[in-house]
Amino acid sequence: MSDTLDLLAIAAHRDDVELTCGGTLAKTARAGRRVGIIDLTQGEMGTRGSAELRAAEADRAAKVLGVAVRRNAGLPDAHLKNDDASRERLVTMIRETQPRVVILPFPVGRHPDHRIAAELGRDACYLAGLAKYAPREGLEPHRPHKVLYALAYREDPVKPSFVVDISDCFDTKMAAIRCYASQFDGAKAAGEIFPTGQDLYELIRIQSAHYGSLIRRPYGEPFFTYETLAVEDVLALGGPSL
Ligand SMILES: [Zn+2]
């Protein structure tokens with residue numbers, strides 16, 4: 001199937017994935033893997049711009065990141081629910097794209113849609129593997145191998161399970177974020193990023209540099225997993241201790 005993916009990022013709003021894991025998506029795509037994005041809503045409740053403008057911006061950002069597939073689930077912005085209808089819609093999209101790894105928002109968030117997206121996304125990943133749940137002609141059950149939570153900008157007392165080195169893709173991440181000029185030009189805050197008075201783009205750079213510093217690299221993106229990560233080769237572990 002042409003929409004089959006290696007890595008899928010699911011988030012509530014267009015621009016969420018660029019802010020939290022755009023570097024990781026670009027890096028994975030650059031490595032030759034098939035990467036996709038599902039935006040759950042169309043951003044119709046956004047204070048700035050319109051849903052139509054954000055759709056055009058999201059398409060441009062997807063091209064910049066090099067993702068193969070970007071879809072919209074059409075669920076209601078600011079009214080996201082983890083209900084049966086929403087789960088079934090997302091289960092169908094997961095079965096259509098068959099991702100091996102899925103990135104979700106962190107389960108705690110400033111915007112209620114971010115919290116709901118994390119729960120809805122995880123439940124849909126599980127349910128997509130149940131053969132008798134919402135079966136569709138021509139679609140096989142599929143359960144992703146791994147679920148990662150994007151931890152960027154969160155202040156919860158949670159240490160990242162790992163940080164992806166995005167130093168080589170940082171410019172690409174910023175170029176994708178800058179596609180959302182209607183949202184971000186002149187802005188001081190966005191999504192889970194609290195205002196400090198500094199320009200938003202500079203704030204994103206500073207935060208990315210902080211996460212990079214945790215693995216002794218210029219720029220990084222942090223992730224959390226509930227399960228303990230398995231390691232094949234201790235000699236290949238990154239992030240020097242001393
Ligand atoms: Zn958002």
Side-chain angles (χ1 to χ4, degrees), residues 7-26 35-62 64-65 67 70-83 86 89-90 93 102-125 147-156 158 173-174 176-196 199-201 203-205 207-208 211 221-224:
L7 175 64
L8 170 65
I10 301 172
H13 313 112
R14 292 165 168 148
D15 72 31
D16 283 356
V17 301
E18 285 83 356
L19 292 169
T20 61
C21 60
T24 302
L25 299 185
V35 177
I37 298 168
I38 293 177
D39 304 304
L40 295 174
T41 76
Q42 297 184 319
E44 65 272 20
M45 299 296 276
T47 308
R48 293 159 157 238
S50 63
E52 294 72 28
L53 183 54
R54 295 186 80 175
E57 291 174 333
D59 283 347
R60 282 203 296 279
V64 169
L65 293 174
V67 307
R70 183 165 208 158
R71 297 222 203 143
N72 196 288
L75 299 174
D77 188 11
H79 297 275
L80 205 56
K81 286 189 180 64
N82 182 13
D83 58 12
S86 304
R89 190 169 308 184
L90 195 50
M93 296 173 94
V102 171
I103 298 175
L104 297 175
F106 191 64
V108 180
R110 200 153 76 110
H111 195 308
D113 279 356
H114 296 173
R115 299 197 299 269
I116 301 297
E119 187 183 89
L120 169 62
R122 188 177 183 100
D123 289 349
C125 284
V147 171
L148 313 176
Y149 294 96
L151 190 56
Y153 318 116
R154 294 296 315 157
E155 297 172 3
D156 314 275
V158 174
K173 174 189 174 88
M174 291 309 298
I177 290 171
R178 285 179 185 278
C179 289
Y180 295 92
S182 77
Q183 303 296 304
F184 297 150
D185 277 7
K188 304 288 184 195
E192 299 295 317
I193 307 173
F194 282 87
T196 62
D199 175 74
L200 177 67
Y201 299 122
L203 203 44
I204 294 165
R205 193 192 67 76
Q207 296 256 15
S208 302
Y211 296 122
E221 284 174 340
F223 293 89
F224 172 79

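Just so you know, ligand 1 is whichever comes first in the structure, and atom 1 is the first atom listed for that ligand.
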Checklist entry - Within 45° of the ring axis of F194 and under 6.0 Å from its six-membered ring centre, is that where the NZ or CZ of R110 lies? => result yes

Checklist entry - So do D77 and H13 actually touch side chain to side chain, heavy atoms under 4.5 Å? => result yes

Next on the checklist: Could you tell me if R122 and Y149 have a donor-acceptor pair between their side chains, going purely by distance under 3.5 Å?
Outcome noted: yes

Item to check | Lys/Arg-Asp/Glu bridge criterion (N-O < 4.0 Å) met for R54, E18 | outcome: no

Item to check | Heavy-atom pair with the smallest gap, counting every atom of K173 and S208 | outcome: CE-OG, 4.0 Å

Checklist entry - Taking all non-hydrogen atoms of both residues, which atom of L200 and which atom of A190 are closest, and how far apart? => result CD2-CB, 3.8 Å

Next on the checklist: So, at under 2.8 Å, which protein N, O or S atoms would a careful student list around the Zn ion (ligand 1)?
Outcome noted: H13 ND1, D16 OD1, D16 OD2, H114 NE2

